[in-house]
Protein chains: 2
Amino acid sequence: MSTTRVPRPPGRPRSQQVDEAVLAAALDLLIERGASETSIEQVAQRAGVTRATVYRRFPGKTALLIQAIESVHQDHAPGAIDWPGIDPMLDDWALYLSVPRNRRMLRRLYGAVDDHPELLRAYRDSHGARRAAAEHAALARSRERGELSPDADLDALQQILGGAVLHHLGACPDTVTAGEVKAYLVTLLRQTGYRPQE
Amino acid sequence: MSTTRVPRPPGRPRSQQVDEAVLAAALDLLIERGASETSIEQVAQRAGVTRATVYRRFPGKTALLIQAIESVHQDHAPGAIDWPGIDPMLDDWALYLSVPRNRRMLRRLYGAVDDHPELLRAYRDSHGARRAAAEHAALARSRERGELSPDADLDALQQILGGAVLHHLGACPDTVTAGEVKAYLVTLLRQTGYRPQE
DNA sequence: TTCAAATACAGAGGTGTACTGTATTTTAAT
DNA sequence: ATTAAAATACAGTACACCTCTGTATTTGAA
C-alpha cells in the first residue's frame, strides 16, 4: 500500500490527544450552551489547552464546531443503516430521542439555523443523507407489506415524521423514555393509516 | 367615571414614547439576533435611550423580552378566533408563515427553549392558548362535514400540523409564498385522510 | 420637590495576535 | 552512530481592543 508511504513531516507532530480533547470540549459546549454562546476561550479552558492551541487547528468557532459535529458520527455507524420496516426504525428513533444529550444536540442545531446554518448542514451531510434513504426504504417495505395504504405518499410521511420529532423535542421534557417516544410516533403515524402487523 | 379621578403622581411622568420604543427595539432584536445574543445595551441603543432608562422599567433581559412578546398580540386580535373549517384555518396559517418576520420569530422562540423557556411560554400564554382551542374546533367541524375520517384523532392531527409547521420553518427558505405553504400543509394533511370539499 | 433620564464608573469576559521558553521530532553533518 | 541544527507544537503571558453588566451620581423636566 502506498498509503503507508506518507513521509512524516518534520517537527513535533500534533498531539492527537489534544485534537480529541478540543473537539470533545467543543461538542460539549455546543450542546450545553449553544453555538453562539460558546467561545473559543471556553473550549480551550475545558480542553485544558490555551487559546493559541485551538487557533492553530481551526480558523474560527464555526469551523471548529462543524468538525466537532462531524467527529461524532464518524466513530460509530460506518456501515449503511438498513431497517426491515417502520417498526424497527421507530425503535431506533425512540432510543435516540430518549437520550437527553441527543435531544439537546438536535435542538441546538435547529435553534442555530438562523445564525449558523452551516451546523445543521454539517449534521445532515455527515449522517442525515444516508438516513433519509434508509427511511424511505423502510417506509416502502412497510407499504409493500400492507402496513401502509398502497397509495401512501412516502415523502409526505417522511416529512410528517420529521415534524413529529421536532414537535416532540420542543414540547416534551427530556426525561421521556424510549417507550413513550415510540408510542407518540406510532399514535401520529396511525392517523396516516399505519397499521403495524402484530 | 371614577377612572378619570386618578390623581397624577408627583414628579416627572415616564415617557410613553420611550416605553414603546424600548419594547419595539427589544422585539426587533429578539427576532434579528435571538434572545441570548440580545443585550440590554443594544436595546437601549436602538431605542435611543440609555441603559439606566431600560433598567428602570425592567429588572432584566428576560422580563423585558417577555413583555415585548406580549406586546405584539395585545394590539390586534382582541376577539376570539373562529374558523369554520380546516381550509380557512390553513389559509390563515399560510399567510402568517409567509411573512419572514413571523417565521424568524417562531424559530427564535423555539431555538431559545433550552436557555429561555419563559419566552415560548409567554408566547403560548399570550396567544397560543386561544388558538389551540380554535384549531380543535375547526378540525371538529371539518370532521363532522366529512372532510376527515369519522374516527380521526383530532389531538394527533393537531400535533401533526404543529410538527409540520416546525419542519417547514427549519427546512424551507423564508421566501416562500402563502400558496406554497398551504400546498405543503394540505399535502401532509391529505395523508391523514383529509379530503377538502371543492 | 420628586422622579426620569443622562452620565460616569469599575469590573468581568471575550477576541485575535504576538512573543517567550520548552518539548518533541526530523534532517543533515560529522 | 552520534550529534547538531532546523522545524514544529504547546504552555504561558501579554497586549489592545471591544462589548456588556449593574450601580452610583448628577442633571433636568414636570
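Quick note on labels: first sequence line is chain A, next is B, and so on, each numbered from 1.
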Between dA30(D) (P) and Q17(B) (CD): distance, integer Å:
12 Å
If you look only at pairs with a residue in residues 14-34 of chain B, which of them pass as a ring pair (Phe, Tyr, Trp, His ring centres under 6.0 Å), with sequence neighbours excluded?
none
Would you say the side-chain atoms of Y184(B) and H167(B) include a donor-acceptor pair closer than 3.5 Å?
yes
Rounded to whole angstrom units, what separation is found between the CD atom of Q16(A) and the P atom of dT24(C)?
17 Å
Strictly below 4.0 Å, N to O, side chains only: are R141(A) and D82(A) in salt-bridge contact?
yes
Residues R131(A) and D92(A) bridged, charged N to O under 4.0 Å:
no
dA9(D), dT15(C), dT21(D): which one has an atom nearest the side-chain heavy atoms of Y55(B)?
dT21(D)
Rounding to the nearest 10°, end axes of the helix from dT2(C)-dA29(D) to dT30(C)-dA1(D) built from five pairs each make an angle of 10°
Measure from CG on L29(B) to P on dT19(D) and round the result to the nearest Å.
15 Å
Between dC3(C) atom P and R56(B) atom CZ, what is the distance in whole Å?
10 Å
Taking it one step at a time, do T62(A) and L65(A) satisfy side-chain contact (heavy atoms from CB on, under 4.5 Å)?
CA-CA 5 Å; T62(A) 304; L65(A) 291 179; 6.0 Å; no
Sugar-phosphate only, base, or nothing, as touched by G48(A) at under 4.0 Å among non-hydrogen atoms
sugar-phosphate
Can you tell me the distance, in whole Å, between the CG atom of L64(A) and the C1' atom of dG16(C)?
15 Å
Mind running salt bridge (charged side-chain N to carboxylate O under 4.0 Å, His left out) on R101(A) and D174(A) for me, showing each step along the way?
CA-CA 9 Å; R101(A) 188 178 157 94; D174(A) 285 357; over 6 Å; no
Is V186(B) reachable from L188(A) through a run of hydrophobic residues whose side-chain heavy atoms are each under 4.5 Å from the next?
yes
Using 4.0 Å as the upper bound for N to carboxylate O, is an ion pair formed by R108(B) and D115(A)?
yes
The residue, A52(A) or Q45(A), whose nearest nucleotide of DNA chain C is more 5′ is Q45(A)
Any ion pair linking E41(B) and K61(B) (charged N to carboxylate O, less than 4.0 Å)?
no
Tell me whether the OP1 or OP2 atom of dC20(D) has a side-chain N or O from Q42(B) closer than 4.0 Å.
yes
Below 4.0 angstrom from OP1 or OP2 of dA4(C), is there any side-chain N or O of S15(B)?
no
Among the clusters formed by ILVMFWY side chains lying less than 4.5 Å apart, do L120(B) and L169(A) turn up in the same one?
yes
Where the side chain of S39(B) is concerned, which of dT15(C), dT24(C), dT21(D) is the nearest nucleotide?
dT21(D)
Atom-pair distance (CD on E37(A); C1' on dT15(C)), nearest Å
16 Å
T50(B) side chain N/O closer than 4.0 Å to the phosphate oxygens (OP1, OP2) of dA6(C)?
yes
How many whole angstroms separate atom CD of E41(B) from atom P of dG13(C)?
18 Å
Enumerate all atom pairs, one protein N or O and one N or O from nucleotides 9-11 of chain C, separated by less than 3.5 Å.
none

Grab the CZ-P distance between F58(B) and dA4(C) for me, whole Å please.
13 Å
